[in-house]
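Chain naming here is simple, since letters A, B, ... match the order of the sequence lines and numbering starts at 1 in each. Remember, predicted model here, so these are calculated numbers, not experimental data.
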Amino acid sequence: MLLYTSRRLIGMIPLLLAISMAIFGLVQLQPGDFIDELKLANPKMTVDDVARLRHDYGLDQPWYVQYGKWLSKAAVLDFGVSRENGYISATEYVFQQRLQNTLTLTTMSFVLSLLVGLPIGIYAAVKQYSILDYVTTFLSFVGYSVPVFWLGIMMLLLFGAKLKWFPTDGMQSEGVSMTVESDEKFDLNGQVLSVSKNAQGQPVITVGVYNEATKLEEPKAVTLPAGIQNYPKMGDYVSLGQAMGSRVTLQSWLNATKDALWHLVLPVIALSLIQIASWTRFMRASLLEVVNQDFVRTARGKGLAERVVVYKHALRNALIPIVTLVGLSIPGVLNGAVLTESVFNWPGMGTALLSSVVQKDYNVAMVILMMLAIATLASNLLADLVYALVDPRIRYN
Amino acid sequence: MSLTTATTATPAKRKEENKTWQRFKKHRLAMFSLAVLGLLFFVSIFAPLIAPFSPTLNETSNTWAQPGGRHLMGTDDLGRDVFSQLLYAGRVSLLIGVAVALLSALIGVTLGTIAGYYSGQPVIFSVGLRSSLLAEQQRLEGSSFWWKNGLKWLVWASVIAFTLLVTSQFAATYSGVGVVIAWLVGVGLSMTIAYFAFVQAIVVDIDNIISRFIDVMLSLPQIPFLLILSGLLANPDVKLGGVLDSIFGSARPIVLIIFVLVLFGWLGTARVIRGLVLSLRQREFTDAAKALGSSDWRVMIRHILPNAVAPIIVQVTLDVGNNIISESALSFLGYGIPRDIPSWGNMLSSAQEAIFQNPLASFWPGLFILLTSLSINFLGDGLRDALDPRSRL
């Protein structure tokens, strides 16, 4: 097993190189580059300036030469900066600001769709040809025929605009935040000279206070209470009565969480309805296939209760293909979120990818696409390994 | 599909077809879907006769008109009649759905059949002078061996020349150690290719390559890639785009989106057909055909493919629905058909910008997409039951 895993992992390296090359080529050949954007923003730029900038950034070289340069930097995990997001590193932008939002949305809808879809599928298979079976079959057809973006828009219209039950865009209402201003106030005026932490982990800031008598600035240390956030940085000015920072209180945390959940409801439901449809169908088909096999007949024949036959003997075997499908569909979940995110204006990776392509901020697009490719390969491997764990007949050697 | 008509219809065959039709008729939802689809195709094809307005007629003083009155479903952001646009958009969406499904089937069936048929039988791409295969190949191919293999050598020589060219361009952009490394890698690669092409042999398992390629393509996140691809082909600087422009003119966006969707569309079909051919080539009739001296191509086309027609038909049908959804998704994100050619996807996209002023404008295009793809899925389901009653799902 270990040998198999390591062989698969090593095999991924050339595959990833090939995929990264294809992605880089595709992204580099997109219409326009960021110099065009600069030119639009600055009408004084001459043709010579543009040519010089292109040369300086190496954009006049063929894509495979640029790929070599990108790769030599990517090998040490330097994926460049995001020009449209304050020149922070592209990886920092994607992983710290965007990935979490997409993961929240997709994991919630993925779990919800499994929790709803699998039981319905099992029930439909157990009660084959019942009215409920026909209804779920019909609905699951509708579920995977419906375009997710249209479903999203319709839900927005009905529950967001018309009934006003849920917010219509983004993931946080204006003015709601995790933290509130702290009650502790500064009792001095001056500029922050340095910030450090004491032994207890409390932040200590040194403020230069102007002394009228000596006409000099005297450093004065202020120890801030523990748990405080967003306190003044070096170089900031603090004044009398100013809040020392902000902190998370139970009330503010509850408010922000409630608000976030409120924003999650519509996108999660839109994204999961379609998945529920396919899980129902997969589960039903898989269970029906197992139910007609000999060992189930044997179990019935030896007089086991129907409940035991179905849930212990049949269901366990029917779940094997489902487990693989779950593994294989994890990257697909990330992928489908592009549409849902753009409908609900969700600040996740899908919208980041779209806007980075539109704004020609290609470093971000590269990070996202590479991450998706790696996630896909990893989950394929994971699915194979889990398959072996679930089904003792499979051995990798 | 011409394969079925090529075989002469014997009475027994006609009876079988009758049975299939009987089974299909029993599937009420599929029959109903067939009627809905027929209606959709009819109104789309005869859109110029049915539509009350031209889809491009702008009534700029009458934007976002409410439904009813002169405009059955109101007007859009530029004052164009929504109902007329829906009909014309149906032409585009259905055309793309059907064209992509047929092209994907063509590629998928060809590659899937080749992969399945030649699975486990490697194909020789070049025989070198010191290779152990040399004598056997010479014996097998006789006098044509030298010029055939000479051609292959020429191709490999040009591959090596290209590798060296790329290396020199790489080296020119670096300085110091970088130059040395670039040349070492480039020359090393060329020498490896040369060794296998001219001294040893290059033998490749086609099935392995096609299957691995399908695996990799299927593992890529599709929507982001389709986005990037259609952006790429829309780039006037890319030569392919220019060529397309000169051939197709104003229909270019449609051809483009067909091309992009086919790129991913054939994978599923190829995989299904490969599996099918793998089992069909083990059957007695294949052995019989081979024993009678049929060539590989004849066995594939006359004996194996006609037995795979039923799954191909089902696959093509279901693909049409998926393609319509993919097209509308791309157009919805602004990377598909531009707004001057109405399609259900881009109508939805522009209606979304005004959902609160005119909610119904975004309802209709989506409903048409849903109706089409739902009917196609039911139709495919009915066809599967009718053509292959043993299969479940």
Side-chain angles (χ1 to χ4, degrees), chain A residues 15 18-19 22-23 25-27 29-32 58 61-62 64-66 68-69 72 138 141-142 144-151 153-154 156-158 161-162 168 281 284-285 288-289 328 331-332 334-336 338-339 342-343 350 353-354 357-358 365 368-369 372-373 375-377 379-380, chain B residues 29 166 169-170 172-174 178 182 212 215-216 218-225 227-229 231-238 241 321-322 324-325 328-329 332-335 344-345 348-349 351-352 355-356 359-360 362-363 365-367 369-378 381 392-393:
Chain A
L15 201 57
I19 291 177
I23 295 176
L26 288 175
V27 171
L29 291 173
Q30 292 293 306
Q61 284 156 5
Y64 44 81
V65 176
Q66 294 187 47
K69 288 187 171 170
S72 57
F138 182 83
F141 265 101
V142 176
Y144 66 70
S145 303
V146 67
V148 59
F149 43 98
W150 180 68
L151 184 69
I153 295 175
M154 289 301 111
L156 267 183
L157 276 175
L158 185 60
K162 191 113 185 149
T168 53
R281 250 171 91 78
R284 178 178 175 271
L288 278 182
E289 197 158 295
L328 287 174
L334 284 178
N335 175 7
V338 175
L339 288 163
S342 92
V343 170
L353 178 69
L354 276 177
V357 173
V358 171
I368 295 177
L369 289 172
L372 286 179
T376 316
L377 292 179
S379 64
N380 283 357
Chain B
L29 271 172
V166 172
Q169 276 180 334
F170 257 117
T173 61
Y174 291 110
R212 286 295 87 72
D215 284 348
V216 172
L218 278 180
S219 75
L220 293 176
Q222 272 198 24
I223 291 176
F225 267 87
L227 276 183
I228 301 276
L229 262 175
L232 163 76
L233 291 174
N235 185 356
D237 298 343
V238 176
N322 293 335
I324 288 175
I325 291 195
S328 57
F332 175 73
L333 292 174
Y335 282 81
W344 289 331
L348 197 51
S349 155
Q352 191 211 3
I355 43 171
F356 301 122
L360 274 176
S362 48
F363 173 73
L367 186 73
I369 302 172
L370 173 63
L371 257 182
T372 316
S373 92
L374 188 60
S375 324
I376 286 170
N377 278 329
F378 279 129
D381 196 48
R392 294 170 159 271
L393 202 91

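- Aromatic ring orientation, A/Trp150 versus B/Phe363: tilted (interplanar angle from 30° to 60°).
- Contact tally against chain A (heavy-atom pairs below 4.5 Å) for B/Ile376, B/Ile324, B/Leu367: the top residue is B/Leu367.
- Contact annotation: the side chain of A/Ile153 approaches that of B/Leu348 to within less than 4.5 Å [non-hydrogen atoms, C-beta and beyond].
- Distance check: A/Leu26 CG to B/Leu227 CG gives 11.5 Å after rounding to the nearest 0.5 Å.
- When all heavy atoms are compared, the tightest approach of B/Ser328 to A/Phe149 is OG-CZ, 3.4 Å.
- Two residues are said to be in side-chain contact when any heavy atoms from C-beta on lie closer than 4.5 Å; A/Met154 and B/Ser362 meet this criterion.
- For the atom pair CZ of A/Phe141 and OG of B/Ser373, the computed distance is 11.0 Å after rounding to the nearest 0.5 Å.
- A/Ser145 OG to B/Ile369 CD1: the interatomic distance, rounded to the nearest 0.5 Å, is 12.0 Å.
- The residue among B/Ile325, B/Leu333, B/Asn322, B/Ile228 with the most heavy atom pairs within less than 4.5 Å of chain A is B/Ile228.
- Taking OG of A/Ser342 as the reference point, atom CZ of B/Phe332 lies at 4.5 Å (rounded to 0.5 Å).
- Only the side chain of B/Tyr335 comes within contact range of chain A, judged by heavy atoms closer than 4.5 Å.
- Of the two parts of A/Leu15, only the side chain, counted from C-beta on, holds a non-hydrogen atom closer than 4.5 Å to a non-hydrogen atom of chain B.
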